J.: 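The structure under discussion is supplied below as structure tokens; questions concerning it will follow.
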Amino acid sequence: MQGYILHIQKTRGEDLIVKVLTPLYLKTLYRFYGARHSIINIGRKIDFEEEPSITFLPKLKHILHLGHKWESDNTRYYIWQHFIKLLYRHLFDVHEIDEFYFQLLEEGAQNLHVQNPKRVVLEMYAKILAFEGRAYHREESLCFICEEALGESIALSRGFLFGHSACVGGHIFKKDSIVQFLQSASSIMLDDWEVNELWEVLGLGL
């Protein structure tokens with residue numbers, strides 16, 4: 001079975017509780033002496049076996065690291081891990097899950113080989129918003145706080161909600177540019193300044 005490690009929690013001694021995202025489940029597994037194994041790290045893709053337990057959590061066994069070349073690039077790996085942590089907080093109380101999330105990580109991990117890592121994760125997030133029905137639509141032209149009409153410039157809150165800069169604070173973006181990005185899930189038309197600022201907004205949470 002294959003999956004991505006979303007979260008690691010230390011228990012007694014060197015044992016770990018590991019959250020692994022597979023195509024259909026977010027599994028909670030127990031690994032004896034897991035802290036001794038460098039393979040077990042947030043964001044890693046692994047092949048593994050699950051051993052049922054009558055009295056406690058299923059055991060995580062026979063782990064194989066399915067590595068990516070970009071993992072040796074500290075910047076790419078940091079950005080990937082940061083997104084994975086945000087994704088876990090978004091999904092932490094889920095058990096059964098749509099295959100969309102696993103396939104999203106598969107695609108993102110492949111794109112990280114050649115693309116700007118911040119652009120990769122921002123495009124992944126735009127796809128999450130669209131899949132979950134939370135993407136902004138052009139007909140929605142009101143500030144989510146004061147419910148007054150928006151102009152050509154906007155500010156963004158957590159979840160990329162659109163608002164007036166006076167209501168939301170933070171950096172100002174061109175509305176049409178952000179709408180195009182969210183609807184296309186492509187950052188090609190965003191300049192590097194916009195990408196860096198959107199990355200900061202993403203850090204507030206999914």
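The shown structure was predicted, so the numbers you read here are calculated from the model rather than taken from an experiment.
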J.: Salt bridge check: are Lys61 and Glu51 linked by an N-O gap of less than 4.0 Å?
T.: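 Judged by the 4.0 Å cut-off on N to carboxylate O distance, Lys61 and Glu51 do form a salt bridge.
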
J.: Transitively linked via ILVMFWY side-chain contacts under 4.5 Å: Val94 with Val18?
T.: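 In one cluster: yes.
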
J.: Test Ser187 against every option in Glu123, Lys118, Gln115 by the side chain to side chain donor-acceptor pair (under 3.5 Å) rule and name the one that passes.
T.: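 Result for side chain to side chain donor-acceptor pair (under 3.5 Å) with Ser187: Glu123.
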
J.: Hey, could you give me the CZ/CG distance between Arg31 and Leu16, rounded to the nearest 0.5 Å?
T.: 9.0 Å

J.: Salt-bridged, Lys27 to Glu50, with N to O below 4.0 Å?
T.: yes

J.: CZ of Phe48 to CG of Leu60: how many Å apart, nearest 0.5 Å?
T.: 6.5 Å

J.: What residue among Leu204, Leu198, Leu206 forms side-chain contact (heavy atoms from CB on, under 4.5 Å) with Phe160?
T.: Leu198

J.: Nearest 0.5 Å, please: how far is CD in Glu99 from OG1 in Thr22?
T.: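 The CD atom of Glu99 is 9.5 Å from OG1 of Thr22, to the nearest 0.5 Å.
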
J.: For Ala155 and Ser165, which heavy atoms make the closest approach, and how far apart are they?
T.: CB-CA, 3.7 Å

J.: Assess whether side-chain contact (heavy atoms from CB on, under 4.5 Å) is satisfied between Val168 and His164, documenting all intermediate values.
T.: CA-CA 6 Å; Val168 178; His164 297 117; over 6 Å; no

J.: Looking at Asn74, I want to see if its CG is surrounded by more than 12 non-hydrogen atoms of other residues, nucleotides or ligands under 6.0 Å.
T.: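 No, not enclosed.
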
J.: Among the clusters formed by ILVMFWY side chains lying less than 4.5 Å apart, do Ile39 and Leu21 turn up in the same one?
T.: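 Yes, because Ile39 and Leu21 connect within a single hydrophobic cluster, where side-chain heavy atoms sit under 4.5 Å apart.
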
J.: Which atoms form the tightest heavy-atom contact between Val120 and Gly108, and what is the distance?
T.: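 Taking every non-hydrogen atom into account, CG1-O, 3.7 Å.
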
J.: Tell me whether the rings of His7 and Tyr88 are parallel (<30°), tilted (30 to 60°) or perpendicular (>60°).
T.: parallel

J.: Counting neighbours of OH on Tyr78 that are heavy atoms of other residues, nucleotides or ligands and sit closer than 6.0 Å, is the number greater than 12?
T.: no

J.: Mind checking whether Trp193 and Phe173 have parallel, tilted or perpendicular rings, split at 30° and 60°?
T.: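 Trp193 vs Phe173 ring planes: tilted.
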
J.: Are Met124 and Leu129 linked, directly or through intermediate hydrophobic residues, by side-chain heavy-atom contacts shorter than 4.5 Å (ILVMFWY only)?
T.: yes

J.: Please report the shortest heavy-atom distance between Lys127 and Ala185, naming the atom on each side.
T.: CG-CB, 3.7 Å

J.: Please determine if Asp15 and Lys59 form a salt bridge, counting it only when a charged side-chain N lies under 4.0 Å from a carboxylate O.
T.: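 No, Asp15 and Lys59 are not salt-bridged.
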
J.: Within a strict 4.5 Å, meaning less than it, do heavy atoms of the Leu105 and Leu87 side chains meet?
T.: yes

J.: Within this structure, what is the CE-CD1 distance for the pair Met1 and Ile46, rounded to the nearest 0.5 Å?
T.: 10.5 Å

J.: Report whether Val201 and Phe144 are members of the same hydrophobic cluster (ILVMFWY, side-chain heavy atoms less than 4.5 Å apart, transitive linking).
T.: no

J.: Going only through I, L, V, M, F, W and Y residues with side-chain contacts under 4.5 Å, is there a path from Ile128 to Leu161?
T.: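 Cluster IDs for Ile128 and Leu161 differ.
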
J.: For the residue pair Tyr25 and His95, categorise the inter-ring angle as parallel (less than 30°), tilted (30 to 60°) or perpendicular (more than 60°).
T.: tilted

J.: For Ile42 and Gln81, which heavy atoms make the closest approach, and how far apart are they?
T.: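 Shortest heavy-atom separation between Ile42 and Gln81 comes out as O-NE2, 2.9 Å.
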
J.: Below 4.0 angstrom, N of the basic side chain to O of the carboxylate: do Arg76 and Glu71 qualify?
T.: no

J.: How are the rings of Phe32 and Tyr30 set to each other: parallel, tilted or perpendicular (split at 30° and 60°)?
T.: perpendicular

J.: Ignoring hydrogens and geometry, is there a side-chain-to-backbone donor-acceptor pair from Trp199 to Leu122 under 3.5 Å?
T.: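 Not confirmed, Trp199 side chain does not pair with Leu122 backbone.
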
J.: Between Phe131 and Tyr101, is the gap from one ring center to the other below 6.0 Å?
T.: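 Yes, close enough.
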
J.: Of all heavy-atom pairs between Leu86 and Gly205, which one has the smallest distance, and what is that distance?
T.: CD2-CA, 4.0 Å

J.: Can you check whether Pro117's main-chain N or O pairs, donor with acceptor, with Trp70's side chain at less than 3.5 Å?
T.: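 Answer holds: no.
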
J.: Given Ile154 and Ile172, is the side-chain contact (heavy atoms from CB on, under 4.5 Å) satisfied, shown in steps?
T.: CA-CA 6 Å; Ile154 59 166; Ile172 298 174; over 6 Å; no

J.: Between Ser72 and Lys69, what is the shortest heavy-atom contact and its length?
T.: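 Answer, listing the atom of Ser72 first, then Lys69: OG-O, 3.0 Å.
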
J.: Hey, are Glu194 and Lys174 close enough for a salt bridge, meaning a charged N less than 4.0 Å from a carboxylate O?
T.: no

J.: Does a side-chain N-to-carboxylate-O contact under 4.0 Å join Glu106 and Lys45?
T.: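 A salt bridge is present here (some side-chain N lies under 4.0 Å from a carboxylate O).
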
J.: Rounded at 0.5 Å granularity, tell me how far CG in Leu26 sits from OH in Tyr4.
T.: 14.5 Å

J.: Would you compute the distance between atom CG of Leu190 and atom CD1 of Ile178 and round it to the nearest 0.5 angstrom?
T.: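 Answer for the CG-CD1 pair, Leu190 versus Ile178, is 5.5 Å.
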
